[in-house]
Amino acid sequence: MGFEGDEDAAANQVSTQSRFRYNSPLVQVGLIGLVCFCCPGMFNALTGMGGGGQVDPTAANNANTALYTTFAIFGVLGGGIYNILGPRFTLAAGCSTYVLYAGSFLYYNHEQHQAFAIVAGAILGIGAGFLWAGEGAIMTSYPPPHRKGTYISLFWSIFNMGGVIGGLIPFVLNYNRSEAASVNDGTYIGFMCFMAAGTLLSLAILPPSKVVRDDGTRCTNIKYSKVSTEVVEICKLFLNWKMLLIAPAAWASNFFYSYQFNNVNGALFNLRTRGLNNVFYWGAQMVGSVGIGYILDFSFQSRRKRGFVGIGVVSVLGTVIWAGGLAKQLGYSHKDLPSKLDFKDSGSDFAGPFVLYFSYGLLDAMFQSMVYWVIGALDDDSEILSRYAGFYKGVQSAGAAIAWQVDTHKVPLLTQLIVNWSLTTVSYPLLIILVMLAVKDEQKGDKASANPASVDNNSKPV
């Protein structure tokens with residue numbers, strides 16, 4: 001199965017009249033944002049409640065460990081699978097596994113048997129590897145090179161609106177259950193409905209050969225890859241110096257979730273307030289992604305300088321936020337947990353921890369958007385970027401698998417915070433080195449590609 005060849009210049013010109021046409025990068029990135037809104041967005045709301053909405057986080061921790069263990073494998077393989085199967089089948093197969101995962105917690109709400117949740121988590125890890133490899137390839141290769149930060153922020157905003165809406169589901173359905181320990185069945189059913197819709201929506205994503213940028217260029221003209229090719233190319237990633245510099249940031253980027261969800265939101269707030277907090281946590285991600293996207297695309301003419309400034313801003317903000325987290329963490333531990341805070345009944349005591357949790361969400365979006373921008377700046381080839389994105393998600397998930405077990409084994413909370421802070425801090429200078437050595441400023445050749453006539457059937461992807 002191969003990509004279609006270029007159409008003639010007249011057809012190209014007609015197909016680029018509207019930025020909101022179906023085959024434009026803007027619409028396609030918006031669609032993948034909606035897919036992630038429905039599936040991982042709702043998953044984020046589910047896990048963000050702490051313990052998957054259960055009083056005992058053990059089942060959720062073990063399910064997440066299984067999830068991220070398989071995700072670590074299939075995240076790396078996902079880029080190759082995307083190159084072989086294309087976006088629609090890869091994304092639809094991945095999205096369907098989210099429905100099963102939410103259903104396993106509906107089952108757990110009645111039977112209290114964690115085996116189903118663990119198996120569903122392992123299956124979701126496979127599906128998430130498919131989904132995020134496809135998402136990474138689309139988000140980094142479809143947009144024009146000089147607007148990748150803007151498109152990443154657009155995706156991140158739509159995606160995290162899923163967490164906002166998903167946070168409202170447990171908040172509304174459990175509003176009058178201020179003393180409840182676990183969420184009701186309707187919460188999980190609501191998540192499953194959104195996830196099923198996302199699975200269907202993924203079938204609307206176009207392959208890169210059919211996506212035409214506003215300047216008339218196509219995202220790629222390559223044919224689908226072969227299994228043997230992808231095996232070799234994926235193995236090469238582990239010796240690729242660019243990926244080795246990305247690896248610490250990838251490891252850090254999901255490592256802090258178990259701490260923030262279980263030991264900040266889960267430990268400090270009651271059930272209904274945790275749902276409300278998630279609305280603002282994922283809302284903060286929308287704000288953070290837009291802010292860092294602007295810096296990475298518009299702050300300076302030089303792409304490398306924009307990269308340096310973006311990394312600098314995130315590093316300073318990260319230091320301030322983790323320092324605030326340290327100040328709060330010094331006041332409680334696993335053996336000395338404070339009384340649960342409620343957004344209505346706790347008065348001014350609620351404000352400080354709420355702002356801290358909001359700030360964690362802001363930093364998460366800025367950090368991950370920054371890393372995606374760096375990955376996207378390394379190349380414009382959909383094949384290469386799908387492998388890079390898969391490697392990023394694979395390493396990210398390996399870190400997360402360990403992090404959820406760190407929490408299960410009750411590692412001291414102060415130790416968890418210090419490790420999280422250290423991991424993100426180490427990644428900043430490595431990313432600066434990567435930008436310095438591998439990211440080039442836009443050259444005249446980039447502008448030349450804006451001429452549709454310069455793209456032919458034998459050209460490399462632009």
Side-chain angles (χ1 to χ4, degrees), residues 1-3 28-29 32 35-36 39-40 67-95 97 124-143 148 151-152 155 202 205-209 211 219-247 249-251 253-254 368 371-400 434 438 460-461:
M1 179 171 59
F3 285 2
Q28 291 299 307
V29 170
I32 191 65
V35 170
C36 290
C39 294
L67 188 166
Y68 287 107
T69 299
T70 55
F71 195 172
I73 299 169
F74 283 88
V76 175
L77 297 177
I81 293 170
Y82 171 86
N83 288 339
I84 295 167
L85 301 178
R88 285 175 176 164
F89 184 81
T90 305
L91 293 172
C95 289
T97 61
L124 175 55
I126 298 172
F130 290 3
L131 172 61
W132 282 106
E135 175 274 336
I138 292 168
M139 191 174 65
T140 56
S141 68
Y142 282 22
K148 290 191 177 184
Y151 280 71
I152 289 172
F155 163 81
S202 67
I205 300 295
L206 290 176
S209 67
V211 179
C219 295
T220 184
N221 295 303
I222 58 174
K223 295 182 178 180
Y224 286 129
S225 185
K226 296 185 295 185
V227 174
S228 58
T229 300
E230 291 305 319
V231 169
V232 172
E233 294 301 323
I234 288 171
C235 290
K236 288 180 180 178
L237 292 174
F238 293 92
L239 299 177
N240 185 320
W241 65 272
K242 298 174 187 177
M243 293 299 97
L244 294 179
L245 288 175
I246 285 279
W251 186 276
S253 60
N254 269 15
Q368 293 209 55
V371 178
Y372 268 119
W373 182 90
V374 173
I375 292 173
L378 298 177
D379 212 292
D380 291 321
D381 186 326
S382 176
E383 257 197 328
I384 293 174
L385 289 176
S386 68
R387 297 183 195 117
Y388 285 177
F391 179 87
Y392 169 72
K393 297 303 294 186
V395 174
Q396 179 188 71
S397 301
L434 181 58
K460 288 296 289 179

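Close placement of the F391 and F238 rings is indicated, their centers lying within 6.0 Å of each other.
Counting heavy atoms from C-beta outward, L91 and I32 have side chains that approach closer than 4.5 Å.
Minimum heavy-atom separation, Y82 to P208: OH-CD, 4.0 Å. In plain terms, the two heavy atoms of E135 and C36 that are nearest each other are CG-SG, 4.0 Å. Residues S202 and A92 share a closest heavy-atom pair of OG-CA, 3.2 Å. For the pair T97 and G127, the tightest heavy-atom approach, listed with the atom from each and the gap, is OG1-CA, 3.5 Å. Summarising the geometry of F74 relative to G125, their closest heavy-atom pair is CB-O, 4.3 Å, with the distance given to 0.1 Å. Closest non-hydrogen pair, F130 versus G94, comes out as CB-CA, 4.2 Å.
With values rounded to the nearest 0.5 angstrom, S386 atom OG is found 10.5 Å from E233 atom CD. Rounded to the nearest 0.5 angstrom, W373 CH2 and L378 CG are separated by 9.0 Å. Taken to the nearest 0.5 Å, the CG atom of L67 stands 7.5 Å off from the OG atom of S397. Interatomic distance, CD1 of I375 versus CG of L385, reported as 8.5 Å (0.5 Å rounding). Of the inter-residue distances, the one linking L124 atom CG with T70 atom OG1 reads 7.5 Å to the nearest 0.5 angstrom. The line from CG of L85 to OG1 of T90 is 4.5 Å long, rounded to the nearest 0.5 Å.
Checked by atom type and distance alone, the side chain of R88 pairs as donor or acceptor with a backbone atom of I205 at under 3.5 Å. Judged purely by atom type and a 3.5 angstrom limit, Q28 uses its side chain to pair as donor or acceptor with the backbone of L206.
With respect to M139, the side chain to side chain contact (heavy atoms under 4.5 Å, CB included) criterion is satisfied by exactly one of F155, Y151, W132: F155.
Looking at residues two or more places apart in sequence or on another chain, you find a side chain to side chain donor-acceptor pair (under 3.5 Å) between Y392 and S253, Q368, Q396.
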